[in-house]
> 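Let me give you the structure first, and then I'll get to my questions.
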Amino acid sequence: YKRIDIAVEAFRELDLPLVVAGDGPQLPHLKKMAGPKTDFLGLIGEDHKIELLSKCRALVFPGREDFGIVPVEALASGRPVIAFGAGGATESVIEGKTGTFFFEQSPAALFKAVERFKEDGFDSRVAVESARRFDEKVFKEKFSRWVSEKTTEFKKGLEE
């Protein structure tokens, strides 16, 4: 469901470097289809992940997930995201400000998104600020406010 195959094929066609972190049953197949500029790291630790995110030109996120924490982590590192425009990525990535979308899960669509992506057009401060919307403290404050509002509405309903 992460659709790494899309990124591997697109970057092979683009003849651009791609770093793939993680492991899974498709790894042997992905390595066979990869171009010479694709580097498979396997499983990595948290510190290595943070280092990779902080140094990358952009995070490529070709899968569809309900939320997807990795794009938020990339934004928190000040890096833009090139993502499939569905699911949770649409909640965290802002087109033209913190990243860019492609709307068909295909290597050709990702290829076009990478070609129109311009790293210079993205401000790392905007990405970091955008990621703060998903901070634990912000979540707790919003959730507490929501519970308070709903409790007040409920009590008013009982009084009527």
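We use all heavy atoms of the structure for the numbers below, so side chains are in, but hydrogens, waters and symmetry mates are not.
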> Taking Asp5 first and then Arg3, would you say they form a salt bridge - that is, a charged N and a carboxylate O separated by under 4.0 Å?
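Answer for the salt bridge query: yes.
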> Is it true that Arg125 and Asp123 have a side-chain N and a carboxylate O under 4.0 angstrom from each other?
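Yes, charged N to carboxylate O under 4.0 Å.
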> Quick check: is Met33 connected to Val114 through a chain of hydrophobic side chains (ILVMFWY, heavy atoms under 4.5 Å apart)?
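Same cluster: Val114 reaches Met33 through Ile, Leu, Val, Met, Phe, Trp or Tyr contacts under 4.5 Å.
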> Specify the closest pair of heavy atoms between Arg79 and Ser54, including all atoms of both residues, with the distance to one decimal.
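Smallest heavy-atom distance, with atoms named: CD-O, 3.7 Å.
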> Atom OG1 of Thr38 and atom CD1 of Ile4: how far apart are they, to the nearest 0.5 Å?
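Result: 11.0 Å between the selected atoms.
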> Establish whether Ile82 and Val8 are linked, either directly or via other cluster members, by ILVMFWY side-chain heavy-atom contacts under 4.5 Å.
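Yes; tracing contacts between hydrophobic side chains, which count when under 4.5 Å, links both residues.
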> Identify whether the distance between the nearest side-chain nitrogen and carboxylate oxygen of Glu159 and Lys156 falls below 4.0 Å.
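No salt bridge links Glu159 with Lys156.
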> Using every non-hydrogen atom in the two residues, find where Ala74 and Val81 come nearest and quote the distance to one decimal.
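Shortest heavy-atom contact: CB-CG2, 4.0 Å.
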> If hydrophobic clusters are built by linking Ile, Leu, Val, Met, Phe, Trp and Tyr wherever their side-chain heavy atoms come under 4.5 Å apart, do Phe111 and Phe11 end up in the same one?
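Yes, it is one cluster - the side chains of Phe111 and Phe11 are joined through contacts under 4.5 Å.
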> Could you go through Val138 and Arg132, starting from their C-alpha distance and side-chain angles, then the distance that decides it, and tell me whether this counts as side chain to side chain contact (heavy atoms under 4.5 Å, CB included)?
CA-CA 8 Å; Val138 171; Arg132 286 196 177 109; 5.5 Å; no
> Could you please spell out the steps behind the side chain to side chain contact (heavy atoms under 4.5 Å, CB included) verdict for Asp135 and Phe139?
CA-CA 6 Å; Asp135 183 80; Phe139 172 80; over 6 Å; no
> Could you report the tightest heavy-atom contact between Leu53 and Ser77, atom names first, then the distance?
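Reported closest heavy-atom pair: CB-OG, 3.7 Å.
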> May I ask you to say whether Glu51 pairs ionically with Lys55, meaning some side-chain N is under 4.0 Å from a carboxylate O?
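Salt bridge: yes.
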> Hey, quick one: are Leu30 and Val70 part of the same hydrophobic cluster, counting side-chain heavy atoms closer than 4.5 Å, chains of contacts allowed?
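Leu30 and Val70: separate clusters.
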> Where the side chain of Lys37 meets the backbone of Asp15, is there a donor-acceptor pair that is under 3.5 Å apart?
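It does hold such a pair.
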> What are the two closest heavy atoms between Pro25 and Pro28, and how far apart are they?
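Between these two residues, the closest heavy atoms are O-CD, 3.6 Å.
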> Give me the ring orientation class for Phe101 and Phe103: parallel if the planes are under 30° apart, tilted from 30 to 60°, perpendicular past 60°.
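Phe101 and Phe103: tilted rings.
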> Do other residues, nucleotides or ligands put more than 12 heavy atoms under 6.0 Å from Arg57 CZ?
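No.
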> If you measure from CG on Leu59 to CD on Glu73, what distance do you get to the nearest 0.5 Å?
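Here the rounded value is 9.5 Å.
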> Taking the six-membered ring for Trp and the single ring otherwise, decide whether the centroids of Phe67 and Phe134 are under 6.0 Å apart.
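When the ring centroids of Phe67 and Phe134 are compared, they turn out to be within the sub-6.0 Å range.
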> Answer yes or no: is there a donor N or O on one side and an acceptor on the other, between the side chain of Glu65 and the main chain of Gly87, under 3.5 Å?
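No, Glu65 side chain to Gly87 backbone: no donor-acceptor pair under 3.5 Å.
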> How far apart are the C-alpha atoms of Leu41 and Leu52, what are their side-chain angles, what is the distance that settles it, and do they pass the side chain to side chain contact (heavy atoms under 4.5 Å, CB included) test?
CA-CA 11 Å; Leu41 303 180; Leu52 287 172; 3.5 Å; yes
> Keeping Ser130 on the side-chain end and Val126 on the backbone end, is there a donor-acceptor pair under 3.5 Å?
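No: the side chain of Ser130 does not pair with the backbone of Val126.
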> Identify the heavy atoms of Ala34 and Phe40 that sit nearest to each other, and give their distance.
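The answer is CB-CE1, 3.6 Å.
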> In terms of hydrophobic clusters joined by side-chain contacts under 4.5 Å, are Phe61 and Val72 together?
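Yes, same cluster.
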> For Phe122 and Phe117, take the angle between the two ring planes, folded into 0 to 90°, and tell me which bin it lands in: parallel under 30, tilted 30 to 60, perpendicular over 60.
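The rings of Phe122 and Phe117 lie parallel, inter-plane angle below 30°.
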> Lys150 and Trp146: side chain to side chain contact (heavy atoms under 4.5 Å, CB included), yes or no, with the steps?
CA-CA 6 Å; Lys150 295 302 174 189; Trp146 180 82; 3.3 Å; yes
> Does Arg12 have more than 12 heavy atoms from other residues, nucleotides or ligands lying within 6.0 Å of its CZ?
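Above 12, so yes.
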> Say you draw a straight line from CG of Leu158 to CD of Glu153; how long is it, rounded to the nearest 0.5 Å?
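Result: 12.0 Å between the selected atoms.
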> Any idea which heavy atoms bring Val128 and Ala76 closest together, and the distance?
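Taking every non-hydrogen atom into account, CG2-O, 3.6 Å.
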> Atom CD1 in Ile6, atom OG in Ser106: separation rounded to 0.5 Å?
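The OG atom of Ser106 is 6.5 Å from CD1 of Ile6, to the nearest 0.5 Å.
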> If you measure from NZ on Lys31 to CG on Asp39, what distance do you get to the nearest 0.5 Å?
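It comes to 9.5 Å.
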> Is it true that atom NE2 of His29 has more than 12 heavy atoms of other residues, nucleotides or ligands lying nearer than 6.0 Å?
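Result for NE2/His29: open.
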> Quick one: pull up CD in Glu91 and CG in Asp66 and give me the separation to the nearest 0.5 Å.
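One finds 9.0 Å between CD of Glu91 and CG of Asp66.
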> Is a salt bridge present between Lys112 and Glu115, judged by a nitrogen-to-oxygen distance below 4.0 Å?
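No, no charged N to carboxylate O under 4.0 Å.
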> State whether the side chain of Ser148 and the backbone N or O of Ser144 hold a donor-acceptor pair below 3.5 Å, judged by distance alone.
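Between the backbone of Ser144 and the side chain of Ser148 there is no qualifying donor-acceptor contact (under 3.5 Å).
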